[in-house]
Asks: 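Handing you a structure now.
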Protein chains: 2
Amino acid sequence: MDNSKKDSSKNSKETIQQILSDEIERRGLRKTPERFTILEEIYQTEGHFTVDSLYNQLNEKNYHLSRATIYNTVEFLYECHLVLKHYFHKEAEYEKCFNCKVHHHLVCTKCGMVKEFTDSNIRRDVQTRHYKKFDMTHFSLVVYGLCEKCQNNHQV
Amino acid sequence: MDNSKKDSSKNSKETIQQILSDEIERRGLRKTPERFTILEEIYQTEGHFTVDSLYNQLNEKNYHLSRATIYNTVEFLYECHLVLKHYFHKEAEYEKCFNCKVHHHLVCTKCGMVKEFTDSNIRRDVQTRHYKKFDMTHFSLVVYGLCEKCQNNHQV
DNA sequence: TTTGTTGCAAAACGTTTGCAGCCTC
DNA sequence: GAGGCTGCAAACGTTTTGCAACAAA
């Protein structure tokens, strides 16, 4: 969580591929090129993405994968804890999470803007707390309110 | 938040009706019986509900309102901060929130179980924090992991 | 009387599923 | 060769929309 030497971009890429590879083996599944393509694309993407945006991104790069495969793979990566899943709006949003800083989200209830912030007190409180008979893997904190712009547009 | 004398059930009912009434007036909208019926039904409901469960509940009591009206009204009550909205799963879940204790949620990523917990340190950290150029109205903390039951069923 | 609201049905939307063919192991 | 995986299209369930009739102000 607080590695003193960070993986270089190259090593990090190999690392996440290794994690995926191991997890596929552990479950007796198959190492398809689609799974590694999707993983790589996700780790080249900054910020949030949706199944649809990922589908379009891959299409533009001439990787023509079906939506069904992207749904399956993203869900699988979520189970492997290689991506996080959020429901800020109706559509599920994801982001890479291996070797990334734990952060929280501000969501404007008027315009839908999403912004990240960090708070070490909150993180510590949530992560070091004892959850009775519950084995925490991760958490999601979303703070709702009005962004600066919407505070100044005073129509209902 | 920690009133020494709590509203009686009667007063609380009048209070929330008043809040809704005021908010409707403030926006120049109309005080329809449907809106007050839905509000009352929600405040008689403990725990989470969905548009569908609310629709069925009202139907059983012979209030035949359309789903569209329930969607509209519940969203309106959310804007008035009379209900909270969650996306634990695919479908939106709601709960009453006026005069209710702030709490957080545990969600089991295997079976979908949702359980509430409270933590005054977390609540304080989130509520007293300064959000730069952001006007917080409420927040949602969801802790994911495995519930007791799913920890003991060790198949993938 | 004006115009917001309701109920209904259809449409839209994100997501899941069934299945034939393909490819990993 | 067996069986998991993919792509396609159809199905699904939730939510939104369009519109005519209704009712609050």
Side-chain angles (χ1 to χ4, degrees), chain A residues 17 20-41 48-59 61-80 83 85-94 109 112 155-156, chain B residues 17 20-41 48-59 61-80 83 85-94 109 112 155-156:
Chain A
Q17 287 179 346
L20 176 56
S21 188
D22 291 349
E23 189 64 17
I24 290 173
E25 265 179 33
R26 197 179 70 75
R27 304 200 195 191
L29 303 179
R30 296 191 178 163
K31 294 171 191 168
T32 65
E34 288 84 357
R35 287 179 172 155
F36 289 93
T37 300
I38 290 170
L39 179 69
E40 193 176 339
E41 184 62 29
H48 302 133
F49 65 90
T50 64
V51 166
D52 206 58
S53 73
L54 188 55
Y55 174 83
N56 291 326
Q57 248 174 261
L58 287 163
N59 246 312
K61 299 188 179 176
N62 279 310
Y63 294 115
H64 300 284
L65 308 188
S66 73
R67 275 168 213 280
T69 298
I70 298 180
Y71 272 106
N72 287 338
T73 303
V74 168
E75 188 62 27
F76 181 63
L77 296 176
Y78 173 60
E79 286 171 23
C80 302
V83 305
K85 186 176 186 175
H86 305 285
Y87 282 105
F88 302 130
H89 310 103
K90 190 178 165 183
E91 191 177 6
E93 292 178 55
Y94 303 85
T109 48
Q155 68 275 28
V156 175
Chain B
Q17 286 179 346
L20 176 56
S21 186
D22 290 350
E23 190 64 18
I24 290 173
E25 265 178 33
R26 198 179 70 75
R27 305 200 196 190
L29 302 179
R30 295 186 181 166
K31 294 171 191 169
T32 65
E34 289 83 358
R35 286 178 172 154
F36 288 92
T37 300
I38 291 170
L39 179 69
E40 192 177 339
E41 184 61 28
H48 302 133
F49 65 91
T50 64
V51 167
D52 206 57
S53 73
L54 189 55
Y55 174 81
N56 291 324
Q57 249 174 261
L58 287 163
N59 246 311
K61 298 189 181 177
N62 280 309
Y63 294 115
H64 300 285
L65 309 188
S66 73
R67 275 168 213 279
T69 298
I70 298 180
Y71 273 106
N72 287 338
T73 303
V74 167
E75 189 61 27
F76 181 64
L77 295 177
Y78 173 60
E79 286 170 22
C80 299
V83 306
K85 184 178 187 173
H86 306 286
Y87 282 105
F88 301 129
H89 309 103
K90 193 176 165 184
E91 189 179 8
E93 292 178 55
Y94 303 85
T109 48
Q155 67 276 29
V156 174

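Quick note: numbers below take in every heavy atom, side chains included, and nothing from hydrogens, waters or symmetry partners. First the proteins, then the strands, lettered A, B, ... as listed; each starts at 1. Keep in mind that this is a model prediction, so the values were computed, not measured.
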Asks: In this structure, how many angstroms lie between the P atom of dT17(C) and the CD atom of E75(A), rounded?
Replies: 11 Å
Asks: Looking at NZ of K61(A) and CD of E40(A), how far apart are the two atoms once the value is rounded to the nearest 0.5 Å?
Replies: 8.5 Å
Asks: Anything under 30° is parallel, anything over 60° is perpendicular, the rest tilted; go ahead and classify H48(A) against H86(A).
Replies: perpendicular
Asks: Just how far is it from atom CD of E41(A) to atom CZ of F36(A), taken to the nearest 0.5 Å?
Replies: 15.5 Å
Asks: Which residues satisfy the side-chain hydrogen bond (donor to acceptor under 3.5 Å, both in side chains) test with T37(A), sequence neighbours excluded?
Replies: none
Asks: For P33(A) and K90(A), take the nucleotide of DNA chain C holding the closest heavy atom to each; which residue's nucleotide lies nearer the 5' end?
Replies: K90(A)
Asks: My understanding is that only residues two or more places apart in sequence, or in another chain, count here; which of them pass salt bridge (Lys or Arg N to Asp or Glu O under 4.0 Å) with D52(A)?
Replies: R67(A)
Asks: Going by side-chain hydrogen bond (donor to acceptor under 3.5 Å, both in side chains), name the residues that satisfy it together with T32(A), two or more places apart in sequence or in a different chain.
Replies: none
Asks: Do Y55(A) and N59(A) come within less than 4.5 Å of each other through their side chains, counting heavy atoms only?
Replies: yes
Asks: Toward the 5' end of DNA chain D, which comes first, D52(B) or T32(B), by nearest nucleotide?
Replies: D52(B)
Asks: Grab the OH-P distance between Y87(B) and dT15(C) for me, whole Å please.
Replies: 11 Å
Asks: What integer distance in Å separates L58(B):CG from dG7(C):C1'?
Replies: 15 Å
Asks: Would you kindly give the CZ-to-C1' distance between R27(A) and dT24(C), to the nearest whole Å?
Replies: 18 Å
Asks: Take the protein atom CZ of R30(A) and the nucleotide atom C1' of dT24(C), then report the distance between them rounded to whole Å.
Replies: 5 Å
Asks: Go through it in stages, so that I can follow the logic: the residues are E23(B) and R35(B), the test is salt bridge (Lys or Arg N to Asp or Glu O under 4.0 Å), and I'd like the CA-CA distance, side-chain angles, deciding distance and then a yes or no.
Replies: CA-CA 12 Å; E23(B) 190 64 18; R35(B) 286 178 172 154; over 6 Å; no
Asks: Rounded to whole angstroms, how far apart are CG on L54(A) and C1' on dT15(C)?
Replies: 15 Å
Asks: Main chain of Q17(B), side chain of S21(B): is a donor-acceptor contact present, judged purely on distance under 3.5 Å?
Replies: no
Asks: Taking heavy atoms of chain B and a 4.0 Å limit, find me the 5'-most and 3'-most nucleotide of DNA chain D within that range.
Replies: dT14(D) to dA25(D)
Asks: Under a 4.5 Å cut-off applied to non-hydrogen side-chain atoms, are L54(A) and Y94(A) in contact?
Replies: no
Asks: In Å, rounded to the nearest 0.5 Å, how long is the span from CZ of F76(A) to CG of L39(A)?
Replies: 10.5 Å
Asks: Could you say whether K31(B) or A92(B) is positioned toward the 5' end of DNA chain D, judged by the nucleotide with the nearest heavy atom to each?
Replies: A92(B)
Asks: Of all of residues 67-74 of chain A, which get a heavy atom below 4.0 angstrom from DNA chain D, listed by number?
Replies: A68(A), T69(A)
Asks: Quantified as the angle between the terminal helix axes (five pairs each), what is the overall bend of the helix from dT1(C)-dA25(D) to dC25(C)-dG1(D) to 10 degrees?
Replies: 40°
Asks: Nearest to the side chain of L29(B) - dG4(C), dT24(C), dG7(C)?
Replies: dG4(C)
Asks: Where the side chain of L65(B) is concerned, which of dT15(C), dG4(C), dG7(C) is the nearest nucleotide?
Replies: dG7(C)
